[in-house]
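Just so we're on the same page: letters track the sequence lines, and every chain starts at 1.
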Number of protein chains: 2
Amino acid sequence: MKTEFEDRCDVQCIHEENVKEVRANMINEDTARALADIFKTLGDSTRIKLLFALMQKELCVCDLAAVSGASESAVSHQLRILRNQKLVKYRREGKILYYSLLDDHVQTLFTQGLEHVNE
Amino acid sequence: MKTEFEDRCDVQCIHEENVKEVRANMINEDTARALADIFKTLGDSTRIKLLFALMQKELCVCDLAAVSGASESAVSHQLRILRNQKLVKYRREGKILYYSLLDDHVQTLFTQGLEHVNE
DNA sequence: TAAATATATGAACAACTGTTCATATATTTA
DNA sequence: TAAATATATGAACAGTTGTTCATATATTTA
């Protein structure tokens, strides 16, 4: 039951100037997604704990499981996500993999995040 | 088929000193969850776009839908999440609600996040 | 006060996420 | 080289999330 005016914009509350202006400086789709992906990665309490622990010193998977309270398998899965997001790196020493933070962005983000939490 | 030593810790790779030390300075469960919740809130590209738009100026729901490309209903749902996390506030003017950022933590977090993205 | 407008909200549903369990891989040790 | 150890990975499953669609609410206008 299509009407003749189907394609007419039915929104009336738009402030055209504002929309035009904001649109011109809008974040692009890919950047928005990339930014969302980082935050998504930080948006899990297990991963928060792993990163927080690694802020103190490098740790092996076993140690990370012990301090975070998660199973070694769960930790391993989460470490892969952190690796993919370039948040952690590791070095091997025999059978043991020692994980550490890849850079200090995490620390800065945590500090800012905590500032919001404790507003 | 329970063994007599079932409760014995079967993990052998733990570095006790490290674990003890890191545990002593560990983030607590509630804080970890609260921190994860903020990041989780920032971990969606629609919400990223909404916040990014609001970094420029206050906007009504219609405008936010226009600049973000999401439906008004979707925007409204997302704004509720942002409100609950105390990231945005609004003022009413007649039928129209104007949303704006509640404080500047978002801007700082975005800047840091983007720095990581463009590492 | 009825209609129109701007926004909010609940239900439903598909897509995604985190954990567990079983198994695989890599390294060392016996 | 076989067994043990440390970690990784895939499948499965429950829980969560974001959107849509229908409907409700609040405000203004006729």
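Taking B/Leu82 as the reference, B/Thr41, B/Arg47, B/Leu50, B/Leu51, B/Leu79, B/Leu87, B/Val88 meet the side-chain contact (heavy atoms from CB on, under 4.5 Å) condition, with sequence neighbours excluded. Here A/Ser100 pairs with A/Lys89 under the side-chain hydrogen bond (donor to acceptor under 3.5 Å, both in side chains) rule; sequence neighbours left out. Remark: B/Arg92 engages no residue in a side-chain hydrogen bond (donor to acceptor under 3.5 Å, both in side chains) (not counting sequence neighbours). With sequence neighbours excluded, the residues forming a side-chain hydrogen bond (donor to acceptor under 3.5 Å, both in side chains) with A/Glu58 are A/Arg91, listed by chain and number. B/Ala34 meets the side-chain contact (heavy atoms from CB on, under 4.5 Å) test with A/Val117; sequence neighbours excluded.
Axis orientation changes by 10° from one end of the helix from C/dT1-D/dA30 to C/dA30-D/dT1 to the other, with each end axis drawn from 5 pairs and the value rounded to 10°.
Within a 6.0 Å sphere centred on CD of B/Glu17, heavy atoms belonging to other residues, nucleotides or ligands number more than 12. More than 12 non-hydrogen atoms from other residues, nucleotides or ligands lie less than 6.0 angstrom from OH of B/Tyr98.
The SG atoms of A/Cys13 and B/Cys60 are placed at least 2.5 angstrom from each other.
The main-chain N or O of B/Gln107 is found under 3.5 Å from a side-chain atom of B/Thr111 such that the two form a donor-acceptor pair.
Projected onto DNA chain D by closest heavy-atom contact, B/Val75 and A/Ile96 fall at different nucleotides, the more 5' of which corresponds to A/Ile96. Place B/Ala74 and A/Ala74 on DNA chain C by their nearest nucleotides, and B/Ala74 ends up nearer the 5' end. Mapping A/Ala70 and B/Ser76 onto DNA chain C via the closest heavy atom, the residue that lands nearer the 5' end is B/Ser76.
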Contact string for nucleotides 24-30 of chain D, one letter per nucleotide 5' to 3', B = base within protein heavy-atom range under 4.0 Å, S = sugar-phosphate only, - = neither, reads --SBS--

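Screening residues 60-71 of chain B for side-chain hydrogen bond (donor to acceptor under 3.5 Å, both in side chains), with sequence neighbours left out, gives A/His15-B/Asp63. Residue pairs meeting the salt bridge (charged side-chain N to carboxylate O under 4.0 Å, His left out) criterion with at least one partner in residues 102-119 of chain B, sequence neighbours excluded, are absent. Applying the side-chain hydrogen bond (donor to acceptor under 3.5 Å, both in side chains) rule to pairs touching residues 20-30 of chain B yields A/Lys49-B/Glu29, A/Gln56-B/Asn25, A/Lys57-B/Glu21, B/Asn28-B/Thr31, B/Glu29-B/Arg33, sequence neighbours excluded.
Spacing between atom CD1 of A/Ile14 and atom P of C/dT5 amounts to 14 Å, rounded to whole angstrom units. Atom CG of B/Leu59 is separated from atom C1' of C/dT7 by 15 Å (rounded to the nearest Å). Rounded to whole Å, the distance from CZ on A/Arg91 to P on D/dT7 is 12 Å. When rounded to the nearest whole Å, the span between OH of A/Tyr98 and C1' of D/dA8 equals 18 Å.
Listed candidates were D/dT20, C/dA8, D/dT7. Nearest to the side chain of A/Tyr99 is D/dT7.
Looking at residues 77-87 of chain A, you'll see A/His77, A/Arg80, A/Arg83 sit with a heavy atom under 4.0 Å from some atom of DNA chain D. Contact check of residues 31-58 of chain B against DNA chain D (heavy atom, cut-off under 4.0 Å) returns B/Lys40, B/Asp44, B/Thr46, B/Arg47.
Side-chain contact of A/Arg83 with A/Tyr90: a donor-acceptor pair under 3.5 Å is absent, judged by distance alone.
Below the 3.5 angstrom threshold, one finds no donor paired with an acceptor across the side chain of B/Ser73 and the base of D/dT19.
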